[in-house]
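Below is one structure; the comments refer to it alone.
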Amino acid sequence: MWQSWRKSFKLIASLAVLSVLLSGCLYPDERKAENQVPSVFYLEATQKAIEQFQQDTGVLPIVTKQMDTPIFEKYEIDFRKMIPRYMPDAPGNAFEKGGVYKYVLIDVETKPTAKLLNLGAVSTVADVQSAVNRYRGYYNKLPIKDDLGNGYYSIDHEELGVKTWQVPSTVGQNFLPLVMNANGEVGIDYASDIAQLLREKKVEVPKNTDPRYVFARESMFVPAKSFPYELVNGEPRLLKL
């Protein structure tokens, strides 16, 4: 009986500690700052919970989305299905806890893996998309600055009357530009992030494979709001439309 009580006590204590760690610091200001940064601990805790949930139920705890949802945004983790049995709480930097990240899965058919989706970057793209749509509706043309080739263009922010929009890199301290395709669809150009990660990780991209998939597997983040890429002489390039 003592052994059983001690085992139960250790389980309760572990969940309590994990709950505090997952929900962030005890102090509001620190917690607020913590919610703005990625965390390996949060990702690993979520990954373990996902694996146990799938092992027990045979399914994944994800939100049902429309079939045409972009692949890197499609499999959003539904923490409500895992709390409290598999996780005491959602991670402190998750959107559900006031953070800036959505937790999503990649490789759901082979090896479901938890990754982060930066909602700040997604929001910036949505703002630029709205501005481009308004401009196009008024002038019946796209606010094109430069032809980048393969059916993509840089955006003329001056023509739009706004400052230059960029989003933070997922692997460095620089910023990533926004681009648009010939249909006026706005996205993030992850070429520099993909190139940097491939160099640092020294990973190979299989032939005829979009390097974004390799990037997502090697990074904490998914390349949300992105266009397809190809490798040309070892460097990522936006794939021709």
| Between CD on residue Glu158 and OG1 on residue Thr164, distance to nearest 0.5 Å | 9.0 Å
| Mind checking whether Val162 and Ile155 sit in one hydrophobic cluster, side chains of I, L, V, M, F, W, Y counted as touching below 4.5 Å? | yes
| Hey, does the side chain of Asp146 reach the backbone of Leu148 with a donor-acceptor pair shorter than 3.5 angstrom? | no
| query | Which atom names give the shortest non-hydrogen contact between Asn93 and Val37, and what distance separates them? | reply | ND2-O, 3.0 Å
| Can you name the closest pair of heavy atoms from Asn174 and Ser192 and give their distance? | ND2-OG, 3.8 Å
| Rounded to the nearest 0.5 Å, how far does CG of Asp156 lie from CE of Met180? | 8.5 Å
| task | First locate atom CD1 of Ile194, then atom CG of Leu231, and finally report the distance between them rounded to the nearest 0.5 Å. | result | 8.0 Å
| message | Within the structure provided, determine whether Leu178 and Ile188 are in side-chain contact (heavy-atom separation under 4.5 Å). | response | yes
| task | Identify, with sequence neighbours excluded, every residue that meets ring pair (Phe, Tyr, Trp, His ring centres under 6.0 Å) alongside Phe227. | result | Tyr152
| message | Rounded at 0.5 Å granularity, tell me how far CD in Gln129 sits from CZ in Arg136. | response | 9.0 Å
| request: Classify the side-chain pair Tyr75/Asp107 by whether it contains a donor and acceptor separated by less than 3.5 Å. | output: no
| Any side-chain heavy-atom pair of Tyr101 and Asn118 under 4.5 Å | yes
| query | Cluster question for you: counting only ILVMFWY and a side-chain heavy-atom cut-off of under 4.5 Å, with indirect links fine, are Phe41 and Met87 together? | reply | yes
| query | Any chance CZ of Phe95 has more than 12 other-residue heavy atoms, nucleotides or ligands included, within less than 6.0 Å? | reply | no
| field | pair Tyr135-Lys141: side-chain heavy atoms closer than 4.5 Å | value | yes
| said: Is there a path of hydrophobic side-chain contacts, each under 4.5 Å between heavy atoms, that joins Val100 and Met220? | reply: yes
| query | Between the main-chain N or O of Glu185 and the side-chain N or O of Asn183, is there a donor-acceptor pair closer than 3.5 Å? | reply | no
| request: Provide the closest heavy-atom pair for Arg212 versus Ser226 in the form atom of the first, atom of the second, distance. | output: NH1-OG, 2.9 Å
| field | Expected output: side-chain Thr46 to main-chain Tyr42 donor-acceptor under 3.5 Å | value | yes
| query | According to a 4.5 Å side-chain heavy-atom criterion applied to Ile, Leu, Val, Met, Phe, Trp and Tyr, with indirect links allowed, do Val205 and Val232 form part of one hydrophobic cluster? | reply | no
| said: So, taking the atom named CG in Asp193 and the one named CG in Leu176, what distance separates them when rounded to the nearest 0.5 Å? | reply: 4.5 Å
| note | CD1 (Ile50) and NZ (Lys81) are apart, to the nearest 0.5 Å, by 10.5 Å
| remark: Heavy-atom closest pair (Phe215 atom, Thr170 atom, distance to 0.1 Å) is CZ-OG1, 3.2 Å
| field | Check: Gln47/Glu51 side-chain N/O donor and acceptor closer than 3.5 Å | value | yes
| request: Determine yes or no for a side-chain-to-main-chain donor-acceptor pair under 3.5 angstrom, with Tyr190 supplying the side chain and Ala224 the backbone. | output: yes
| query | Is there side-chain contact between Ser169 and Phe175, with heavy atoms separated by less than 4.5 Å? | reply | no
| Hydrophobic cluster identity match, Leu117 and Val108, side-chain contacts under 4.5 Å | yes
Could you tabulate the donor-acceptor pairs under 3.5 Å formed by side-chain atoms of residues 57-68, not counting sequence neighbours?
| unit_1 | atom_1 | unit_2 | atom_2 | d |
| --- | --- | --- | --- | --- |
| Thr57 | OG1 | Phe53 | O | 2.7 |
| Thr57 | OG1 | Val59 | N | 3.3 |
| Thr57 | OG1 | Val59 | O | 3.3 |
| Lys65 | NZ | Glu73 | O | 3.3 |
| Lys65 | NZ | Glu76 | OE1 | 3.0 |

| Tyr213/Phe72 aromatic ring centres below 6.0 Å | yes
| message | Testing the basics here: between Pro38 and Leu116, what is the closest heavy-atom pair and its distance to 0.1 Å? | response | CB-CD1, 3.6 Å
| Asp147 side chain near Tyr153 side chain, heavy-atom distance below 4.5 Å | yes
| remark: Heavy atoms of Ala114 and Ile77 approach each other most closely as CB-CD1, 4.1 Å
| query | Is a side-chain donor or acceptor of Asn150 paired with a backbone partner of Leu238 at a separation under 3.5 angstrom? | reply | yes
| query | Would you call the rings of Tyr103 and Phe79 parallel, tilted or perpendicular if under 30° counts as parallel and over 60° as perpendicular? | reply | perpendicular
| field | CG/Asn140: more than 12 non-hydrogen atoms of other groups inside 6.0 Å | value | no
| Check: Arg217 main-chain N/O paired with Lys115 side-chain donor or acceptor under 3.5 Å | yes
